[in-house]
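See below for the structure under consideration.
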Amino acid sequence: MAVVSRSKLIFRLGGIGFLLELADIVEVVDQIEEALDPGRSDIGQGIVSALQFRQTWIPVVDPALKLDILSAVKLKNKVAVILCGSEGNWALLVDQIEELSAVENFQPCEIPFLLKVATMGCYSQVKLLNREPMIVFEPERYYGSAAVLT
Amino acid sequence: MSRYGLFRFGGLNYAISLLHVQKILQNVKSYTLPRLPGAVSAVLVDDDQLVPVLDLAQVFGVDYHQESSVHSFQVVVESEYGVVALPSDMTGRIVAEEKGTLSTIVAEKKELGTVGMFVYQNEEYNILDINFLAIEMTQGFWQSQPDTGDARRHQ
C-alpha cells in the first residue's frame, strides 16, 4: 500500500503527458461507450457527457477543451478516470493511461517566467520524467465549485 | 571585440550577439505543452529546465515546411527575461564584427524584432533583438500589436 501511495498515474492527452495523484482516483474505466449519455452535457461547465458509474450518472469532463488540446481519440474510445471531488464523483476523459510511476522518478522543474502568464490558468506545476515534461494535473481546476472555466 | 553567431532557419539568415548565446544543441527533443503562447512552438528541456522555443517562422514569415522541414539545431540564448531557444538548420558560425559590415536599416525596412543587419561574405543576416523577441513573443503582445516596428524597448 505504501508503494502505491508513493506513485503517480501518468496519462496522455493529445500526446502530452500528465501526472495525477493516486489519492484523487476512485477507479479507471475503459470501454465507456455503452455507459455514456452525450445528451446530458453542459459545455458551459466543461461537461461533455454523463457516465453511468456504480448505478448513478456522473458528469464527464474533457480537459482537452479547456487546455485547447487536439486529440485524435474519439469520445467513445477514451478512458475515464473517476475522481472523487468536493461535489461527488466525476469522470475525467483521457486518451490513454500510460503507467504508474514512483514519485522518486520525477524531478522538479519550474515553469519559466516567460511562460507563466500563458499557462497559469490551466496548470501551475510541471515535473520531469525521463527528461520529458509532465504536467501536474490539478482536478479542482476542471470540475467543482472552484473550477474556473475559460 | 564584438562577435556574432550566424545562423540560418529556412530562408532566414539571422545573427545573435555572442554575449547572448549560451549553447547550441543538436537533435534535442522538443515538447508541446498546452496553452503555450502563440509565438512559442514548443519547449525543450535543458539542464532540467524548460526552455521556450520561439517560432521564428511565424515572426519572419519563414516557410520552414518547404525550406527546412528539419531544423536539427537549437540555439539557446539568454535574454533579460530568461532563456529561450531559436531553431536553426545549421550549427552556425562565430564571426568577429570587423570581419563583416554592420548596417542600420531605415525604419520602414526594419523587420520587427531586429536591430540591424550584419553582412558577411555577401550574405545578409538580421541581427535579432533577443530581449524584445523573448518578451514580445511569450507575453502575447506579438499578435495583438502587429505594427509595433518602432517600439524598440531594448538595445
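The local environment of CD in Q52(A) is crowded, with over 12 non-hydrogen atoms from other residues, nucleotides or ligands closer than 6.0 Å.
In this structure, chain B has heavy atoms under 4.5 Å from both the backbone and the side chain of L114(A). Both the backbone and the side chain of L33(B) come within less than 4.5 Å of a heavy atom of chain A.
In this structure a side-chain-to-backbone donor-acceptor pair under 3.5 Å is missing from Q107(A) to K127(A). The backbone N or O of N89(A) sits nowhere less than 3.5 Å from a side-chain atom of Y143(A) that would complete a donor-acceptor pair.
Residues F18(A) and L13(A) are in side-chain contact: their nearest non-hydrogen atoms beyond the backbone lie under 4.5 Å apart.
The residue among L44(B), V83(B), V40(B), V45(B) with the most heavy atom pairs within less than 4.5 Å of chain A is V45(B). Put simply, of I111(A), I135(A), D68(A), the one with the most heavy-atom pairs under 4.5 Å next to chain B is I135(A). Among the candidates P108(A), P133(A), G17(A), the residue making the largest number of heavy-atom pairs closer than 4.5 Å to chain B is P133(A).
Taking the centre of each ring, Y123(A) and F137(A) stay at or above the 6.0 Å mark.
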